[in-house]
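Below is one structure; the comments refer to it alone.
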Amino acid sequence: MSSISESVAEAQAKLEQAQRLSDLKEIELEFLGKSGKLTLLMKQLGSLPAEERPAFGQQLNEAKSRVQGLLNEKHDAIADLELSEIMASESIDVTFPGRRRAKPLCHVLELTIQDLKSFFTGLGFEYLESPDLEEFRYNFDALNYPPGHPAMDDQDTFYIDADHVMRTQTTALQGRVFEKKKPPIRNFTIGRCYRNEAVDRTHGHTFMQIDAFMVDKGVSMAHLKGVLSELARTLFGSETKTRFRPDFFPFVEPGVDFAISTPRFADGRWLELGGAGLVHPKILAHYGIDPSVYSGFAFGLGVERMPMLRYGIEDLRHFFDNDRRFLSQFN
Ligand code: FA5
């Protein structure tokens, strides 16, 4: 019997000394845990004479709830104390300056694309997209490449299977449009092109092109030169000169390469932007557009070249590095 009151007195003394919630855990274990002192006393019950058992059991239960009650009281007191300690040590200084978030930047290529879109929609060209993973027939056959023609070697690309390639030129949109639309047609597209190319300062295996084409009655080289010259002056300044020299592409006749020159960069040297020409009459006829009534122009230009010239960017690989020091210069 006395060991019950001894245990309670012992627990009470320990609780008075307890400072932390962790101390309380230990005390709880020591007296009320599975092998706690009061728990073990319960096991003596069986060895007592039958008439003593009820009184012993009752005393033990009272002792256990007394210790539990003391534990709870002490727990509340210590928890309050610990909370105010935490509040004091972790207080927030609301006047402290925050961490600055990096300003989102628009990629210089995207800025160029926006300029191109507003220029061509302004001239009444409708923007369309076609897939990067293109059918061989749109990338080559529809553009009048005879089977095995060496011009395809200039645009060696990544073949996915016998019928699909990563498109080498955004000109691949033409066949898709001519299948569905009849003149007047004025469309343009901007997108990635892929070529199996040795990468250097001015060539990527992945790069962007803009292609535009217009088919209507009486469309001539004069319209082509007018549109490209206006584009050059809009992008590179009013003093920009343009040059058109004969060149070969299977899908135009005549074909030209298109270059610009301005005193503002490269000491006025001629810089090639892309290819152009009048849509080949065979292509028009193939799609049921009578070439004796209708004619059209088409051109395809490299997009990276434009900001490279405009801002004097000397290496096309900067566009893909995502270095903020580079990108932040254009915003
Ligand atoms: C073409 O791709 C033709 N489809 C252009 C065209 C369209 C001609 C319509 C006539 C009518 P070319 O392979 O020359 O042509 O590429 C055009 C432009 O894309 C180049 O002048 C260059 O600015 C850009 N370009 C071509 N290959 C790369 C490359 N590997 N990396 C970066 N830019 C490139």
Side-chain angles (χ1 to χ4, degrees), residues 109 112 116 120 125 130 132 134 138-145 149-158 165-178 185-215 219 221 223-225 227-228 231-232 235-236 242-260 270-284 295-310 313-320:
L109 279 180
T112 307
L116 289 170
F120 283 102
F125 284 74
S130 58
D132 290 34
E134 184 54 284
Y138 290 119
N139 198 87
F140 292 121
D141 300 338
L143 292 171
N144 194 34
Y145 287 83
H149 194 280
M152 281 187 277
D153 297 347
D154 295 342
Q155 302 196 6
D156 187 20
T157 186
F158 307 99
V165 295
M166 296 309 288
R167 79 173 157 207
T168 60
Q169 48 190 347
T170 41
T171 323
L173 174 69
Q174 267 187 34
R176 291 178 173 272
V177 169
F178 291 155
I185 293 171
R186 259 184 293 181
N187 283 115
F188 75 111
T189 189
I190 301 172
R192 289 200 175 79
C193 299
Y194 308 83
R195 293 187 193 176
N196 182 10
E197 185 112 47
V199 172
D200 62 21
R201 288 193 305 119
T202 53
H203 293 87
H205 49 71
T206 304
F207 57 96
M208 298 195 95
Q209 283 189 337
I210 172 165
D211 254 76
F213 47 94
M214 167 172 175
V215 180
V219 173
M221 285 298 280
H223 296 100
L224 171 68
K225 291 172 94 169
V227 168
L228 283 177
L231 174 68
L235 289 179
F236 305 113
T242 53
R243 184 189 69 186
F244 300 85
R245 285 195 311 193
D247 198 356
F248 173 77
F249 301 93
F251 37 94
V252 283
E253 180 58 36
V256 292
D257 86 40
F258 168 58
I260 58 146
W270 288 107
L271 302 159
E272 190 194 304
L273 278 188
L278 293 187
V279 179
H280 202 293
K282 272 172 78 176
I283 295 181
L284 296 178
S295 53
F297 70 69
F299 59 83
L301 315 175
V303 174
E304 282 84 359
R305 296 243 161 130
M306 298 171 184
M308 285 177 87
L309 295 176
R310 224 162 141 182
I313 299 163
E314 77 292 349
D315 194 324
L316 165 147
R317 286 167 287 199
H318 288 311
F319 292 125
F320 311 109

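Atoms within a ligand are numbered from 1 in the order they appear, just like the ligands themselves. Note that this is a predicted model, so its numbers are computed, not measured.
Looking at ligand 1, you'll find an N or O of T171 within less than 3.5 Å of one of its N or O atoms.
Applying the 4.0 Å criterion to heavy atoms of A276 picks out, from ligand 1, the atoms 8 (C), 10 (C), 11 (C). Shown in contact with D211 at under 4.0 Å from a heavy atom are these atoms of ligand 1, numbered in order with element: 7 (C), 9 (C). Under a 4.0 Å criterion applied to the non-hydrogen atoms of F251, ligand 1 contributes the atoms 3 (C), 4 (N), 6 (C), 7 (C), 8 (C), 9 (C), 10 (C), 11 (C). Each of the following atoms of ligand 1 lies closer than 4.0 Å to a heavy atom of Q169: 1 (C), 2 (O), 3 (C), 4 (N). Those atoms of ligand 1 that come under 4.0 Å of a heavy atom in T202, given as number and element, are 31 (N), 32 (C). Near E272, meaning under 4.0 Å from one of its heavy atoms, ligand 1 places the atoms 21 (O).
Residue contacts with ligand 1, taken as heavy atom pairs separated by less than 4.0 Å, do not involve C193 at all. When non-hydrogen atoms are compared, ligand 1 lies under 4.0 Å from neither the backbone nor the side chain of E304.
Comparing L273, T206, L301 against atom 20 (C) of ligand 1, the shortest heavy-atom distance belongs to L273. In this structure, of F207, F258, F319, the residue bringing a heavy atom nearest to atom 25 (N) of ligand 1 is F207. Distances from atom 12 (P) of ligand 1 to the heavy atoms of Q174, M308, R195, R305 show the closest one on R195. Relative to atom 16 (O) of ligand 1, the option among H205, Q209, H203 with the closest non-hydrogen atom is Q209.
Between the side chain of T157 and the backbone N or O of V165 there is no donor-acceptor pair closer than 3.5 Å.
Not a single heavy atom of G255 sits less than 4.0 Å from an atom of ligand 1. Heavy atoms of Q155 come nearer than 4.0 angstrom to ligand 1 in at least one pair. Heavy atoms of F213 come nearer than 4.0 angstrom to ligand 1 in no pair at all. Heavy-atom distances between E197 and ligand 1 reach below 4.0 Å in at least one pair. The shell of residues lying under 4.0 angstrom from ligand 1, judged by heavy atoms, includes L316.
Protein heavy atom nearest atom 15 (O) of ligand 1, with residue, atom name and distance: F249 CE2, 3.4 Å. At the shortest separation from atom 18 (C) of ligand 1 among protein heavy atoms lies G302 N, 3.7 Å. Scanning all protein heavy atoms for the shortest distance to atom 7 (C) of ligand 1 gives G300 N, 3.1 Å. Here the protein heavy atom with the shortest distance to atom 31 (N) of ligand 1 is G204 N, 3.0 Å.
The aromatic rings of F297 and F299 lie parallel to each other, their planes meeting at an angle below 30°, with 60° marking the opposite boundary. Note on ring orientation: taking the six-membered ring where Trp is involved, the planes of F125 and F188 are perpendicular (angle over 60°, cut-offs 30° and 60°).
Note: L228 CG to I260 CD1 = 11.0 Å, rounded to the nearest 0.5 Å. Between atom CZ of residue R201 and atom NE2 of residue H318 there is a gap of 9.5 Å, rounded to the nearest 0.5 Å. A distance of 4.5 Å separates CG of L231 from CZ of F120, quoted to the nearest 0.5 Å.
Residues R245 and D257 are paired through a salt bridge, judged by an N-O separation under 4.0 Å between the basic side chain and the carboxylate.
In the displayed structure, R192 atom CZ is contacted under 6.0 Å by at most 12 heavy atoms of other residues, nucleotides or ligands. Within 6.0 Å of CZ in R317 there are more than 12 heavy atoms belonging to other residues, nucleotides or ligands.
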Requested in this report: I would like to know whether T171 and D211 meet side chain to side chain donor-acceptor pair (under 3.5 Å); could you show each step before the answer?
Outcome: CA-CA 6 Å; T171 323; D211 254 76; 2.9 Å; yes
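The closest side-chain donor-acceptor pair between Q169 and Q209, if any, does not fall under 3.5 angstrom.
No option in D132, T168, T206 other than D132 meets the side-chain hydrogen bond (donor to acceptor under 3.5 Å, both in side chains) test with Y194.
At a threshold of 4.5 Å between non-hydrogen side-chain atoms, the residues Y145 and N139 do not count as touching.
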